[in-house]
Amino acid sequence: MNHMDFNTLATEFTQFYYKQFDQDRSQLGNLYRADSMLTFETSECQGAQSIIEKLVSLPFQRVEHKIATLNAQPASANGDVIVLVTGQLLLDEERNAQNYSQVFHLMPEGNGYYVLNDIFRLNYGM
């Protein structure tokens, strides 16, 4: 896998993921598997169904992600990729964006990839 490949994968994946999350996060289930794990702030869950239940239960109706930075690295010779995203979230009617960081560990499967690990954190001012 060359440098362009994993960066292109990371860019295309995050654009798709956040567009789908912002439109209808209940439809993200096909990106996760039984061994996938989500850590959302301090809450952990495993498996596609549990992850989607968590995402759907989040206490907001409308959300807009704006990516500020995106970094990716190959994680092993197996073709998996680690992706780090930082950005801003606008929730419901809020005018002040919240900063966030999110890490994805993407695993190859057939002709595509799935999310093995997903870690999300809001970044509060220190």
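Note that the structure is predicted; figures quoted are calculated from it, not measured. Numbers here simply count residues along the sequence, with the first being 1.
- Side chain of Asp92 to backbone of Phe60: no donor-acceptor contact under 3.5 angstrom is found.
- A donor-acceptor pair is defined here as one N or O able to donate and one able to accept, closer than 3.5 Å; such a pair exists between the side chain of Thr14 and the backbone of Thr11.
- For the 3.5 Å distance criterion, the side chains of Ser101 and Thr86 fail to qualify, holding no donor opposite an acceptor.
- With sequence neighbours excluded, the residues satisfying salt bridge (Lys or Arg N to Asp or Glu O under 4.0 Å) with Arg33 are Glu109.
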For side chain to side chain donor-acceptor pair (under 3.5 Å), just list the numbers for Tyr18 and Gln102, CA-CA rounded to whole Å, side-chain angles, deciding distance to a tenth of an Å, and then say yes or no. CA-CA 11 Å; Tyr18 291 125; Gln102 191 161 12; 2.7 Å; yes
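- Using a 4.5 Å cut-off between side-chain heavy atoms of Ile, Leu, Val, Met, Phe, Trp and Tyr, with links allowed through other members, Phe120 and Leu55 fall into the same hydrophobic cluster.
- Asn78 places no side-chain N or O within donor-acceptor distance of the main-chain N or O of Asp80, the cut-off being under 3.5 Å.
- Side-chain heavy atoms closer than 4.5 Å link hydrophobic residues (I, L, V, M, F, W, Y) into clusters, and following such links, even through other members, never connects Ile119 to Tyr124.
- When each of Tyr17, Tyr32, Phe16 is checked for a ring-ring contact (aromatic ring centres under 6.0 Å, His included) with Phe104, only Tyr17 meets the rule.
- Side-chain atoms of Leu90 and Lys66, non-hydrogen and from C-beta on, do get closer than 4.5 Å to each other.
- Checking side-chain atoms of Ser36 against main-chain N and O of Val115 turns up a donor-acceptor pair under 3.5 Å.
- Using a 4.5 Å heavy-atom threshold, the side chains of Asp118 and Thr39 count as separate.
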Assess the residue pair Val103 and Asn117 against the criterion (side chain to side chain contact (heavy atoms under 4.5 Å, CB included)); give the C-alpha distance rounded to whole Å, side-chain angles, the decisive distance to 0.1 Å, and a yes or no. CA-CA 8 Å; Val103 173; Asn117 304 96; over 6 Å; no
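- Of all heavy-atom pairs between Ala68 and Gln88, the closest is CB-NE2, 4.0 Å.
- Between His65 and Tyr100, the gap from one ring centroid to the other is short of 6.0 Å.
- Nearest heavy-atom pair across Ala10 and Ala72 is CB-CB, 3.6 Å.
- Of the possible donor and acceptor atoms, none in the side chain of Ser43 sits under 3.5 Å from a partner among the backbone N and O of Phe40.
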Lys54/Leu38 under side chain to side chain contact (heavy atoms under 4.5 Å, CB included): CA gap, chis, key distance, verdict: CA-CA 9 Å; Lys54 174 63 180 175; Leu38 168 69; 3.9 Å; yes
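- Within the model, atoms CG of Leu116 and CD1 of Ile82 stand 8.5 Å from one another, a figure rounded to the nearest 0.5 Å.
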Given the rule in the side chain to side chain contact (heavy atoms under 4.5 Å, CB included) test, do Leu122 and Asn99 qualify, once you have shown the distances and angles that lead to the verdict? CA-CA 6 Å; Leu122 289 172; Asn99 293 321; over 6 Å; no
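- Shown here for Ser26 and Ile52, the closest heavy-atom pair between the two residues is O-CG2, 3.7 Å.
- Val56 and Ile51 end up in the same hydrophobic cluster when Ile, Leu, Val, Met, Phe, Trp and Tyr side chains are linked at under 4.5 Å.
- A donor-acceptor pair under 3.5 Å is formed between the side chain of Gln20 and the backbone N or O of Asp24.
- Tracing side-chain contacts under 4.5 Å through hydrophobic residues (I, L, V, M, F, W, Y), one reaches Tyr113 starting from Leu70; they form part of the same cluster.
- Around CD of Glu41, the count of heavy atoms belonging to other residues, nucleotides or ligands within 6.0 Å exceeds 12.
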Decide yes or no on side chain to side chain contact (heavy atoms under 4.5 Å, CB included) for Val85 and Thr69, but give the supporting numbers first. CA-CA 6 Å; Val85 181; Thr69 67; over 6 Å; no
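- Cys45 and Ser50 get closest at one heavy-atom pair: SG-O, 3.8 Å.
- The number of heavy atoms from other shown groups lying within 6.0 Å of CD (Gln49) does not exceed 12.
- Other residues, nucleotides and ligands contribute at most 12 non-hydrogen atoms within 6.0 Å of the CD atom of Gln73.
- Leu91 and Phe21 fall within a single hydrophobic cluster, where Ile, Leu, Val, Met, Phe, Trp and Tyr are joined by side-chain heavy atoms under 4.5 Å apart, directly or via other members.
- Of the candidates Leu9, Asp5, Asn7, Val81 forms a side chain to side chain contact (heavy atoms under 4.5 Å, CB included) with just one, namely Leu9.
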